[in-house]
2 protein chains.
Amino acid sequence: MARKPANVSTPAPRPAPVLDARKAAILDAVVNEHIDTAQPVGSGSVAANHSVAVSPATVRSEMVALEREGMLTQPHTSAGRIPTDRGYRYFVDHLQRGVLQPAQQAEIGQFFSSVRGELEDVLEQTSALLSRLTKYTSVVVGPSHARATVRSAQIVDFGARRILVVGVLSDGAVEKRTIDLDEDVSPLDVSEASVQLQALLVGASLDQRIELPSRQTAVAQLVRIGAGALMTGSTSVDGDRVFIGGSSKIAESFDAVDTVRSVLGILEQELVVVTLMQDIMDQGLSVAIGSEHGYQSLSACAVVVAPVNIDGVQAGAVGLLGPTRMNYREALAAAHMVSQHLTDRLESNEASRG
Amino acid sequence: MARKPANVSTPAPRPAPVLDARKAAILDAVVNEHIDTAQPVGSGSVAANHSVAVSPATVRSEMVALEREGMLTQPHTSAGRIPTDRGYRYFVDHLQRGVLQPAQQAEIGQFFSSVRGELEDVLEQTSALLSRLTKYTSVVVGPSHARATVRSAQIVDFGARRILVVGVLSDGAVEKRTIDLDEDVSPLDVSEASVQLQALLVGASLDQRIELPSRQTAVAQLVRIGAGALMTGSTSVDGDRVFIGGSSKIAESFDAVDTVRSVLGILEQELVVVTLMQDIMDQGLSVAIGSEHGYQSLSACAVVVAPVNIDGVQAGAVGLLGPTRMNYREALAAAHMVSQHLTDRLESNEASRG
DNA sequence: TGTTAGCAGTCAATTGTAATGAGTGCCAAT
DNA sequence: ATTGGCACTCATTACAATTGACTGCTAACA
C-alpha cells in the first residue's frame, strides 16, 4: 500500500530512512517484542525470531547500524535496544493495515447496531467503547455545528426580566442561552418576538449575517437580542463536542507516576487535545509518536487518529492516546473501524435530514 | 460548635472516643504534622510543638495509649506514629471551622460575581475552581430536574419521519429527544401537535402523570409520542448533573501508581461518585475518611462534602476527594464557602423564576 | 503520682561490596 | 559476509555493616 512519506512537523534532520530487508526485519522484531514485553530487546531474542535467520552476532552488527541511523537506542551499555520515536515511525509507516480480532469486530458492530439516542450520547459511549476495546485513552471529537442551519428558534419567558432563547439546529443540536434583560417585558411581546425570531432565523447558518429589524419597538429589541445570543454562541456548543474516555488507562500504561501526572494534566485541557489531533490530521498523518507532536508533556505518548467524514469532508475524529510502545496495529485498526462506523452513521443522519 | 457523634456506616466497634486534653493535643499535633510532611511523626517533634508542654518521654507514653485506642499506628517499630482513619475522624470531629486565606476567599468571591452563562457551565467552572483552589479533585453535583416543571414544549420536524421534541424546564434546563417515526407525517400535523403539546405540558412536572389525548388521529399520536419522550427522559438529563474537576490532582496526591489507578477507575464511574457523596450526606456527615465509606478502592482517600440547598432542601452538593492526609480544614472551608455561594445563586435563580 | 532523663533495643534506610548475568563490541576464523 | 568466541560493561541483586530516628522501659525526681 502506497503511503505518504513521514512528514513530521519539524523538517526531518536526517535523510528519509530506507532500510534493507534485513534491517527492516530486525527493527520490526525489536519493536514487536518491545511492545510486548516493555523491556529492552537483545540480539539473542531477535535472532530467535524466525523471520530473522541470522546469528546474534550479525544482529548485533546490524543493530549498531540501526542505532547510528537513529532507529534504536540503548538504555545503557549492557542492555538490549529499544526503538526510538524514529524507529516507531518507520515501523508504523511500513505496517500493513491490520484486522481486529473477530470478537472485537463483533463488539463494535453490535455497539453501532444497538446504540440509540442523541448524538452526544452516542459519541460519549463510543469513546468508552474504544477505550475499553484498546486499553488506551480514547478521544472522540464530534462534528462542528458551524455548517448547521437553524431549524427552529424560540424565546421562552421566565418572568422577572429573564428569557431563554432556544435554537434547534439542523444537525439535531439544541442551543440555549439565558438572558437577563434590563427592563420589564410583557409576555405578549415575548411570544410575538418568538414568532418573529423563528421566521427570521429558520434556514440560516450560525455564522451567517442576519438582517435584523432596526425598529425601536420592544419586540424588535427582543428579536435582536435573541438572534444575537444564538448566532454568536456557536463556540459554546462546540465545547460539548469532545469526549474523552478511559483517562484511567493512562495510569495503567505507565509505571512512572510523574508521567501519569503530566499526561493527565494535558487530558484535562480538552482544547489542547483537540488541537493536537487536528494538527496530526492536517499533516496527513494518522499517528504521532513521542516528540513528533510538539507537546513536551506527551513525549512518552503516541496518538492515533482517524477522521470522521461527512460528505467526504472531515467533520470529526476519533483518537487513541497511549504509550509510544502502544500496539499500533490494533489501535489503528480499532480507530479506523470505529471512525468508519461513525462516518456511516453521521452520513445517514445527514441524508435523512435532507 | 455542637456536632453529631461520628456515626459511620458500620456501627463503631469501640466506645465513642473521649480524650483528655493532653491526648487530644498530641493527636492534633501528630495529624497536623503528618498532613504537612507525609512522614511518621515522632515523639520529639510533637514535644517540640508549643501546644504540648511535656517531654518526649511523656508524649511517648501518651502515644502508646493513643495507639491502644486505635487513634495512631506505627508503620514499624522504630518509626514515629501516623494517624489511623479513626484518628483522623477524631481530629475532624473536633476541628473548629477554619477560614480560608483572604486570597482564596477573594478568588471565590471574584469567581461568583463574574461567572456568567448557563447553569451547567457555572457548575463545571465551579468544579475547576474548587480543584484549583485546593489541589484536590472536586465533584460538583447540580440540582436534579425532578421537581422542575415544563415551561415550553415543542416538536420540530426534521422530515423523513424524524422529529425532535424539545422541552424547556423551569430551572432553565433544556431537554431534547430525537424520534424516528414509523410512518410519514405531514409538517402541518407536526406543527399542530407542537402547539397541542405545549398546551398540554406547560406547568407539569416531569414525574407527573399527564392526561394524554386518546384519539387516534395522527396529531394525537404525535402528541402522545412527544409527551412520552419528554416525561420519561428525566434520567438522561440528570446524567449531565455531575462535574468532576482536576482528576489529575489524584496523581499528585499519591506516589503509588496502584493507588492512582484504582482511584481514577472509580472517578470514571460518575454514578458511583454521586452515590458515595449522597451516602455521606445521608449519614449527616461532611467528611468520610478511608474505610468509613465502603469503597475498597478509595480506602486511601477522604471525601469532603457540602450540600447545596434550594429553599432549605438539599438539591446538590460539592465535594473534594483527596488522600486521607488531606488538609481537612482548608478543604472543608473551601467546600462550604463554595456550596454557600452556589446555594445563593440557585436560590436567587429560583426566586427570579417565580 | 505523674513526669522525666537516661539508656538499651528495634528496624528502615543507607552505604559498601561482591557476585550475577544479560547483553554488547570486537576480532579472528570460516 | 557471516559467525563463534571472548573480554568487557554495567544494571541488578544479594548481603552485610552502619547509621540514625524512634521506641519502650526503668529508675530517679518533683
Side-chain angles (χ1 to χ4, degrees), chain A residues 19-84 87 255-256 325, chain B residues 18-27 29-84 87 255-256 325:
Chain A
L19 302 181
D20 62 67
R22 197 169 67 184
K23 281 200 182 65
I26 289 174
L27 176 58
D28 196 73
V30 170
V31 172
N32 277 316
E33 181 152 345
H34 182 65
I35 286 175
D36 214 47
T37 65
Q39 296 296 320
V41 181
S43 56
S45 40
V46 171
N49 189 315
H50 63 283
S51 75
V52 182
V54 290
S55 76
T58 310
V59 172
R60 283 201 287 279
S61 70
E62 295 287 50
M63 276 172 147
V64 301
L66 284 167
E67 188 163 0
R68 220 177 10 243
E69 296 183 57
M71 296 292 190
L72 296 177
T73 187
Q74 258 184 315
H76 59 87
T77 319
S78 67
R81 305 302 209 286
I82 59 177
T84 60
D255 285 334
R325 41 164 276 275
Chain B
V18 181
L19 301 181
D20 63 65
R22 196 170 66 183
K23 281 200 183 63
I26 290 174
L27 177 59
V30 170
V31 172
N32 278 317
E33 180 153 345
H34 182 64
I35 285 175
D36 213 49
T37 65
Q39 296 297 319
V41 181
S43 57
S45 40
V46 172
N49 188 316
H50 63 282
S51 73
V52 181
V54 291
S55 76
T58 310
V59 172
R60 282 201 287 279
S61 70
E62 294 287 49
M63 276 173 149
V64 299
L66 284 167
E67 188 164 0
R68 220 176 12 243
E69 296 183 58
M71 298 292 190
L72 296 178
T73 188
Q74 259 183 314
H76 58 85
T77 319
S78 67
R81 306 302 209 285
I82 59 177
T84 61
D255 285 336
R325 41 163 278 274

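Convention: sequence-line order gives letters A, B, ...; per-chain numbering from 1.
- What you find for Glu62(A) and Asp20(A) is that their closest heavy atoms are OE2-OD1, 4.4 Å.
- Distance CE (Met63(A)) to P (dT3(D)): 15 Å, rounded to an integer number of Å.
- Taking atom CZ of residue Arg68(A) and atom P of nucleotide dT24(C), one finds them 15 Å apart after rounding to whole Å.
- Residues Ser61(B) and Thr58(B) bring no donor and acceptor atom of their side chains to less than 3.5 Å of each other.
- For the segment residues 33-49 of chain A, residues with any heavy atom less than 4.0 angstrom from an atom of DNA chain C are, sorted by number, Gly42(A), Ser43(A).
- A straight line from CZ of Arg81(B) to P of dA21(D) spans 17 Å, rounded to a whole angstrom.
- Nucleotide dG2(C) holds its C1' atom 12 Å from the NZ atom of Lys23(B), rounded to whole Å.
- You'll find the side chain of Val64(B) reaches within 4.5 Å of the side chain of Arg81(B), heavy atoms only.
- Taking only side-chain atoms of Glu67(B), from C-beta outward, the nucleotide of dT2(D), dG24(D), dT3(C) with the closest atom is dG24(D).
- Listed nucleotides dG4(D), dC11(C), dG25(C) differ in distance to Ala57(A); the shortest reach to its side chain belongs to dG4(D).
- With dC11(C), dG24(D), dC10(D) as the candidates, the nucleotide lying closest to the side chain of His76(B) is dC11(C).
- By the 4.5 Å heavy-atom criterion applied to side chains, Ile82(B) and Val41(B) are not counted as neighbours.
- Thr77(B) comes within contact range of the sugar-phosphate backbone alone, with a heavy-atom separation under 4.0 Å but no base atom that close.
- When side chains are defined from C-beta on, Val59(B) counts as touching Val52(B), because their heavy atoms get closer than 4.5 Å.
- Of the candidates dA5(C), dT3(D), dG6(C), the closest approach to any side-chain atom of Ser55(B) belongs to dA5(C).
- A 4.5 Å side-chain heavy-atom check between His34(A) and Pro83(A) finds at least one atom pair inside the cut-off.
- Nearest heavy-atom pair across Gly80(A) and Gln74(A) is O-CG, 3.7 Å.
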Between protein and nucleotides 27-30 of chain D, what N or O pairs are separated by less than 3.5 Å?
none

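- Contact check for Leu72(B) versus Leu27(B): side-chain heavy atoms found under the 4.5 Å cut-off.
- Between Glu62(B) atom CD and dG24(D) atom P the separation is 12 Å, expressed in whole Å.
- As a whole-Å value, the separation of Ile82(B) CD1 from dA12(C) C1' is 14 Å.
- Along DNA chain C, the nucleotide nearest Ser61(B) and the nucleotide nearest Ser78(B) are compared for position; the residue whose nucleotide lies closer to the 5' end is Ser61(B).
- dT3(C) atom C1' lies 8 Å from atom CZ of Arg22(B), rounded to whole Å.
- Using a 4.5 Å heavy-atom cutoff, the side chains of Val46(A) and Met63(A) are in contact.
- Looking only at side-chain heavy atoms (C-beta outward), Ile26(B) and Met71(B) stay at 4.5 Å or farther from each other.
- Look at CG on Leu72(B): it is 15 Å from P on dC22(D), rounded to the nearest Å.
- Neither OP1 nor OP2 of dT2(D) sits under 4.0 Å from any side-chain N or O of Arg60(A).
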